[in-house]
2 protein chains.
Amino acid sequence: MENSRPSSKRFLDIVSDLRTIIKEEGAVIGDKLPSERVLADRLQVGRSTIREALRSLELLGLIETRRGEGTFLADYKKHQLVEILSTFIMQNPQSLKSVDDTRRIHEKAAIECISNDPERRTLPVWGSFLAKLQGTEPIIREELLQEIVVVSENRLSLKIWFLLKQYSRVPYHETMAEDEKEVATNLLKEMMNGNSHLAVMRYTEWLDIVIGERRGEHEC
Amino acid sequence: MENSRPSSKRFLDIVSDLRTIIKEEGAVIGDKLPSERVLADRLQVGRSTIREALRSLELLGLIETRRGEGTFLADYKKHQLVEILSTFIMQNPQSLKSVDDTRRIHEKAAIECISNDPERRTLPVWGSFLAKLQGTEPIIREELLQEIVVVSENRLSLKIWFLLKQYSRVPYHETMAEDEKEVATNLLKEMMNGNSHLAVMRYTEWLDIVIGERRGEHEC
DNA sequence: ATTCTAAAGTGGTCAGACCACTATCCTTTA
DNA sequence: TAAAGGATAGTGGTCTGACCACTTTAGAAT
């Protein structure tokens, strides 16, 4: 696998080489990769270097290793990386705003997406939520938003949303207040009626209530 | 750092321990971490185990190592992890659509953001672009879109956009055709006038031209 | 044919040895 | 005294070989 200008970070090259190997062998999720010793021999590096690369990929959740058995291509849907990342990253205030903004972008897009799709905006789920909102049963904020993002059926967007949710300053895990429920109800109704513009407005209202900050002036 | 039931994945415990150490020492971005040998001694494990953990964190972009100097807490704004991850995932056609969709979400959001901000929508840059579009000089598609996303001033969104751009099926790197320039001109004008709704419509038109696919029916 | 056992293969870990590089201190020099 | 130079210690980068614990496999004993 071409020693093209070793970037003084051999293990990074190995990561790249591994990708090539995986591609060449057409390995699919669950397939077994060559053993560490074989890889070391094939790529002409020490086993420890191979391991450093593999361990990195494992932490990312891209591969899975089972002692005594071997190394396998993992189902990366578990996004283990997110967990790890979360405990480190994004604690500086500067980032927090962009996190919030980006999260809103995705929520808004999901709302518009559903509003504009006759099929998805008439899904029975929304009726259920509407009923729930009428009742006195406590509702967690993220329940509704999550459903919306899920139904929008963009896996990548969903992934990003899940990630951002964890860092958001908006208390997603709390229950809705009474006045909130009203706004949420309006949001749902507009969405079901296919009125994306109004639905988004309701959504903005809702955020204003939850955060209790200045309104609208800077909603990127 | 308690050997509490070693999870048969020592290096994962180490990752956790490292986090603890970082916290305890109140290390800030740019600070130097203890050397690998010191860590190995302190945590009572071999140096190779420490390295596997460190290399993982490095691939995630959480630390930075400089040969001869040491290991440092990184500026995680580089999100190297995303790059790596992306090169693995996102090669199956299923994902490609969500990549495109998500990219559009961010572009749309940026356009709306700028349109709604009197300051940003009157920036001189837009005038320059307008002039360029009138001329015969070739213009690369991504030039305009990039400027828009940049001006929206959401670093995270920008980062995501850059990432997605690489995998998009839309030929961003190509030059605009003549009819495209016209639509792009309209887009700019609407944006500068603060008409976000129309601006987004122009944007959608533009995409239709570039991709030449079915229009609108499924624009999430 | 079944069961049991030994061997081979695999990841997990460690220790020690180099290498290449950087920072530091201390000597030498002007 | 101040500047220049070089030896030294410390650091990450890598390799080797050796164990260990575990799983699978193949062969032997029943």
Side-chain angles (χ1 to χ4, degrees), chain A residues 1-18 21-22 25 27 30-75 80, chain B residues 1-18 21-22 25 27 30-75 78 80 84:
Chain A
M1 251 24 99
E2 65 280 359
N3 309 345
S4 56
R5 213 166 302 113
S7 42
S8 118
K9 296 278 186 195
R10 195 79 132 221
F11 95 96
L12 281 182
D13 296 328
I14 299 299
V15 168
S16 171
D17 289 344
L18 285 177
I21 288 182
I22 291 175
E25 308 207 336
D31 281 6
K32 191 162 178 287
L33 300 181
S35 77
E36 298 178 349
R37 288 167 178 87
V38 170
L39 287 173
D41 186 62
R42 169 125 64 123
L43 298 178
Q44 287 292 294
V45 295
R47 192 180 152 213
S48 54
T49 304
I50 293 288
R51 280 186 61 81
E52 289 181 9
L54 287 177
R55 252 16 79 206
S56 300
L57 297 182
E58 182 174 5
L59 192 64
L60 278 178
L62 296 175
I63 61 174
E64 187 183 341
T65 57
R66 296 197 283 272
R67 172 192 245 160
E69 300 182 51
T71 306
F72 305 82
L73 256 193
D75 182 358
Q80 190 172 0
Chain B
M1 263 35 72
E2 64 278 0
N3 308 350
S4 56
R5 215 165 302 111
S7 40
S8 116
K9 297 281 183 191
R10 195 78 135 221
F11 97 95
L12 282 180
D13 296 329
I14 300 297
V15 168
S16 171
D17 289 345
L18 285 175
I21 288 181
I22 291 175
E25 307 204 339
D31 281 7
K32 190 164 179 288
L33 299 181
S35 77
E36 297 178 350
R37 290 168 178 86
V38 170
L39 286 173
D41 188 61
R42 172 130 57 126
L43 297 179
Q44 287 292 293
V45 295
R47 191 183 153 210
S48 53
T49 303
I50 292 289
R51 279 186 61 82
E52 289 181 10
L54 287 177
R55 250 20 76 203
S56 299
L57 297 182
E58 182 174 3
L59 191 63
L60 279 177
L62 297 175
I63 62 173
E64 187 182 342
T65 57
R66 295 197 283 271
R67 171 191 250 166
E69 299 181 54
T71 307
F72 306 82
L73 258 191
D75 182 356
K78 295 168 189 169
Q80 193 170 358
I84 304 295

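Every value quoted in this text rests on a predicted model; they were computed, and no experiment measured them. Chain identifiers are assigned alphabetically (A, B, ...) following the order of the sequence lines, protein sequences preceding nucleic acid strands; residue numbering begins at 1 within each chain.
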| field | Derivation of the side-chain contact (heavy atoms from CB on, under 4.5 Å) call for B/E52 and A/R51 | value | CA-CA 7 Å; B/E52 289 181 10; A/R51 280 186 61 81; 2.7 Å; yes
| said: For a side-chain contact (heavy atoms from CB on, under 4.5 Å) check, start with the C-alpha distance between A/I21 and A/L43, then their side-chain angles and the critical distance, and finish with the verdict. | reply: CA-CA 10 Å; A/I21 288 182; A/L43 298 178; 4.2 Å; yes
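The side chain of A/S35 sits closest to C/dG11 out of C/dG11, D/dG13, D/dT11. Side chain of A/E52, nearest nucleotide from D/dT14, C/dG12, D/dC15: D/dT14. Taking only side-chain atoms of A/K32, from C-beta outward, the nucleotide of C/dT10, C/dC14, D/dT11 with the closest atom is C/dT10.
The side-chain heavy atoms of B/L39 and B/T71, taken from C-beta on, include no pair separated by under 4.5 Å.
Taking only side-chain nitrogens and oxygens, B/T49 comes nearer than 4.0 Å to OP1 or OP2 of C/dC14. In terms of phosphate contacts, A/T65 brings a side-chain nitrogen or oxygen within less than 4.0 Å of OP1 or OP2 of C/dG12. Distances shown here put every side-chain N or O of B/T71 at or beyond 4.0 Å from the OP1 or OP2 atom of D/dT11. The phosphate of D/dG12 has neither OP1 nor OP2 within less than 4.0 Å of any side-chain N or O from B/R55.
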Extract from the structure each pairing of a protein N or O with an N or O of nucleotides 19-26 of chain D at less than 3.5 Å, listing the distance.
none

Taking only nitrogen or oxygen atoms into account, show me every contact under 3.5 Å that the protein makes with nucleotides 7-9 of chain D, one pair per line with its distance.
none

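A/K32 NZ to A/I63 CD1: the interatomic distance, rounded to the nearest 0.5 Å, is 12.5 Å. Distance CG/B/L54 to CD/B/E64: 13.0 Å, rounded to 0.5 Å. Here the CG atom belonging to A/L57 is positioned 9.0 Å from the CG atom belonging to A/L33, to the nearest 0.5 angstrom. Atom OG1 of A/T65 is separated from atom CD of A/E36 by 8.0 Å, given to the nearest 0.5 angstrom. The distance from the CZ atom of B/R47 to the OG atom of A/S48 is 10.0 Å, given to the nearest 0.5 Å.
Distance CD (B/E64) to P (C/dT22): 14 Å, rounded to an integer number of Å. Here the P atom of nucleotide C/dT10 and the CZ atom of A/F72 are 11 Å apart, to the nearest Å. The nearest whole Å value for the distance from the CG atom in B/D41 to the P atom in C/dG16 is 12 Å. As rounded to whole Å, 16 Å separates atom C1' of C/dG12 from atom CG of A/L39. Rounding to whole angstrom units, CD1 of residue A/I63 and P of C/dT10 are separated by 15 Å. With rounding to whole Å, B/E36 atom CD is found 15 Å from C/dC14 atom C1'. Distance CD1 (B/I50) to P (D/dT14): 17 Å, rounded to an integer number of Å. Rounded to whole angstrom, the span from the CD atom of B/E58 across to the C1' atom of D/dT11 amounts to 14 Å.
Toward the 5′ end of DNA chain D lies the nearest nucleotide of B/V38, the other residue of the pair B/S48 and B/V38 mapping further downstream. A residue-by-residue look at A/G70 and A/R51 shows that A/G70 has its nearest nucleotide of DNA chain C further toward the 5' end. Across the interface with DNA chain C, nearest-nucleotide mapping of A/L54 and B/G46 shows A/L54 to be the residue nearer the 5′ end.
Qualifying side chain to side chain contact (heavy atoms under 4.5 Å, CB included) partners for A/D31, counting only residues two or more places apart in sequence or in other chains: A/A27, A/V28. For B/S35, the side chain to side chain contact (heavy atoms under 4.5 Å, CB included) criterion is met by B/R37, B/V38, not counting sequence neighbours.
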